[in-house]
Amino acid sequence: MSFFRVLSRLRVSEGAIQRTQSFANMACKRQRVSASVGSEFEALEESFDALCQEMKEYDEKRERVIKRSRDIQKASKQAIFSLHRGNAPEASQRLEQALHAATELRPLIDDHPSLRHGSFSNSIEEYAEALIFQQYLTDKRVMLPRDIELANTDEYLGGLLDFTGELNRYAIARATQRDVEAVQHARDCVDSIMGCMLKLDLRNGSVRKKYDALKYTLKKLENTLYELSLGDSGFRERDGDEEAPQQQEE
């Protein structure tokens with residue numbers, strides 16, 4: 001083999017070795033970069049694992065609030081139904097059940113205020129409505145915001161406005177018994193609530209919608225009173241007609 005051929009082979013071998021070393025260096029760099037990026041992604045994945053666990057726990061708490069809020073709302077509705085039927089002891093029992101469920105959720109709501117909106121807030125409105133109606137039937141008094149500790153301002157106002165609808169139902173029932181005094185008192189109560197609500201600058205929302213319906217409730221009560229007055233006039237006229245012939249015979 002000639003000297004030049006041997007030299008050529010040596011150069012080729014050296015080139016191959018250099019290329020191999022270059023590839024090896026590149027592979028090592030890639031591994032270092034991959035390891036560095038992998039560690040960064042690992043931290044991200046760990047943070048997302050913690051985030052998923054936090055969201056899971058929050059969802060479990062939310063489901064608990066929704067479930068117990070249904071119990072509060074159901075018991076409050078049953079209390080209102082019992083009050084309309086004149087069953088005060090049954091209504092008190094239902095309200096005790098609602099209070100127990102609401103008190104059970106109170107620490108959870110305090111720790112996670114965002115859970116208050118929705119189911120819990122709606123159930124407290126229903127509870128406030130039932131309490132206000134019960135108090136009115138007891139002593140013709142309207143409960144004040146400080147009397148219902150579980151309710152915030154919006155929940156109290158929502159319950160108060162819903163109460164006027166129940167009061168209208170109650171007044172209609174009393175009107176069938178020709179209890180003018182009870183209907184008049186109900187009308188005066190709603191009128192007083194209307195006057196108080198006029199002092200508030202309500203933003204758009206559920207309370208505003210309920211307030212807009214309040215004037216129709218007041219109008220219904222005034223119409224009921226008017227119809228009762230016509231009925232009384234009719235009764236008096238008929239009584240006078242029956243007595244007139246008797247007076248003539250005498």
Side-chain angles (χ1 to χ4, degrees), residues 63-110 115-177 179 181-183 185-194 196-197 206-207 209-211 213-214 216-218 220-221 224:
E63 289 299 322
R64 180 187 169 194
V65 169
I66 291 173
K67 183 179 182 301
R68 291 299 279 160
S69 294
R70 289 197 202 102
D71 296 336
I72 299 170
Q73 196 162 24
K74 180 180 178 181
S76 299
K77 286 182 179 294
Q78 290 173 336
I80 293 172
F81 180 74
S82 297
L83 289 170
H84 278 297
R85 299 185 66 182
N87 192 343
E90 176 70 17
S92 297
Q93 182 181 354
R94 296 301 183 185
L95 286 173
E96 284 294 331
Q97 293 173 358
L99 177 61
H100 176 75
T103 304
E104 179 184 313
L105 289 178
R106 186 65 179 272
L108 186 58
I109 297 299
D110 291 341
L115 291 175
R116 187 178 195 103
H117 306 293
S119 298
F120 182 77
S121 185
N122 292 337
S123 67
I124 295 301
E125 274 192 25
E126 194 77 30
Y127 174 70
E129 175 189 358
L131 276 182
I132 295 171
F133 188 36
Q134 181 192 48
Q135 188 67 49
Y136 179 86
L137 294 182
T138 301
D139 58 11
K140 296 297 185 289
R141 183 176 66 88
V142 177
M143 296 184 77
L144 304 178
R146 64 171 179 266
D147 297 328
I148 309 176
E149 296 181 359
L150 286 173
N152 61 26
T153 300
D154 284 348
E155 290 159 359
Y156 169 80
L157 291 176
L160 178 66
L161 292 170
D162 286 340
F163 153 73
T164 61
E166 300 302 331
L167 186 56
N168 182 58
R169 288 179 57 195
Y170 166 77
I172 296 298
R174 298 311 305 161
T176 61
Q177 304 298 319
D179 188 347
E181 182 179 353
V183 178
H185 194 280
R187 182 266 169 203
D188 293 344
C189 178
V190 173
D191 185 60
S192 178
I193 292 173
M194 171 70 83
C196 292
M197 294 297 298
S206 60
V207 174
K209 291 179 181 178
K210 292 178 180 181
Y211 165 72
L214 181 60
Y216 297 106
T217 301
L218 180 59
K220 290 176 184 177
L221 288 168
T224 302

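Computed from a predicted structure; not experimentally measured.
Here the straight-line distance linking atom CD1 of Ile109 with atom CD of Glu104 works out to 11.5 Å at 0.5 Å rounding. Rounded to the nearest 0.5 Å, atoms CG (Leu105) and OG (Ser123) are 7.5 Å apart. Rounding to the nearest 0.5 angstrom, the gap separating the CD1 atom in Ile72 from the CG atom in Leu150 is 8.0 Å. Here CG of Leu95 is found 14.5 Å from NE2 of His100. Values are rounded to the nearest 0.5 Å. The OG1 atom of Thr217 sits 13.0 Å away from atom CZ of Arg187, with the distance rounded to the nearest 0.5 Å. Note that CZ of Phe133 is 11.0 Å distant from OG1 of Thr164, once rounded to the nearest 0.5 Å.
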Distance-only donor-acceptor pairs under 3.5 Å for side chains of residues 166-173, two or more places apart:
unit_1 : atom_1 : unit_2 : atom_2 : d
Glu166 : OE1    : His84  : NE2    : 2.6
Glu166 : OE1    : Arg169 : NH1    : 3.0

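By the side chain to side chain donor-acceptor pair (under 3.5 Å) test, Asp71 is found to be paired with Arg68, residues two or more places apart in sequence or in another chain being considered. The side chain to side chain donor-acceptor pair (under 3.5 Å) check on Ser92 picks up Gln134, with sequence neighbours excluded. For Phe163, the ring-ring contact (aromatic ring centres under 6.0 Å, His included) partners two or more places apart in sequence, or in a different chain, are Tyr136. Remark: Asp162 pairs with Lys210 by the side chain to side chain donor-acceptor pair (under 3.5 Å) rule, at least two apart or across chains. Under the rule for a salt bridge (charged side-chain N to carboxylate O under 4.0 Å, His left out), Asp188 has no partner lying at least two apart in sequence or in another chain.
A salt bridge does not link Arg106 with Glu149: none of the charged nitrogens is closer than 4.0 Å to a carboxylate oxygen. The pair Arg116-Asp154 does not meet the salt-bridge criterion, since no charged nitrogen lies less than 4.0 angstrom from a carboxylate oxygen. A salt bridge links Arg94 to Glu90: one of the charged nitrogens lies within less than 4.0 Å of a carboxylate oxygen.
Nearest approach of Ala186 to Leu221, heavy atoms of both residues: O-CD1, 3.9 Å. Here the shortest heavy-atom pairing between Ala102 and Ile124 reads CB-CD1, 4.0 Å. For the residue pair Ala130 and Ser76, the shortest heavy atom distance occurs at CB-O, 3.8 Å. Of all the heavy atoms in Ile132 and Tyr156, the pair that sits closest is CD1-CE1, 4.1 Å.
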From CA spacing to verdict: side chain to side chain contact (heavy atoms under 4.5 Å, CB included), Ile148, Gln135 = CA-CA 11 Å; Ile148 309 176; Gln135 188 67 49; over 6 Å; no

Side chain to side chain contact (heavy atoms under 4.5 Å, CB included) evaluation trace for Tyr127 with Gln73
CA-CA 7 Å; Tyr127 174 70; Gln73 196 162 24; over 6 Å; no

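Annotation: side chain of Ser69 is not in contact with side chain of Asn122 (no heavy-atom distance under 4.5 Å). Counting heavy atoms from C-beta outward, Asn152 and Glu155 have side chains that approach closer than 4.5 Å.
More than 12 heavy atoms of other shown residues, nucleotides or ligands fall within 6.0 angstrom of atom NZ in Lys140.
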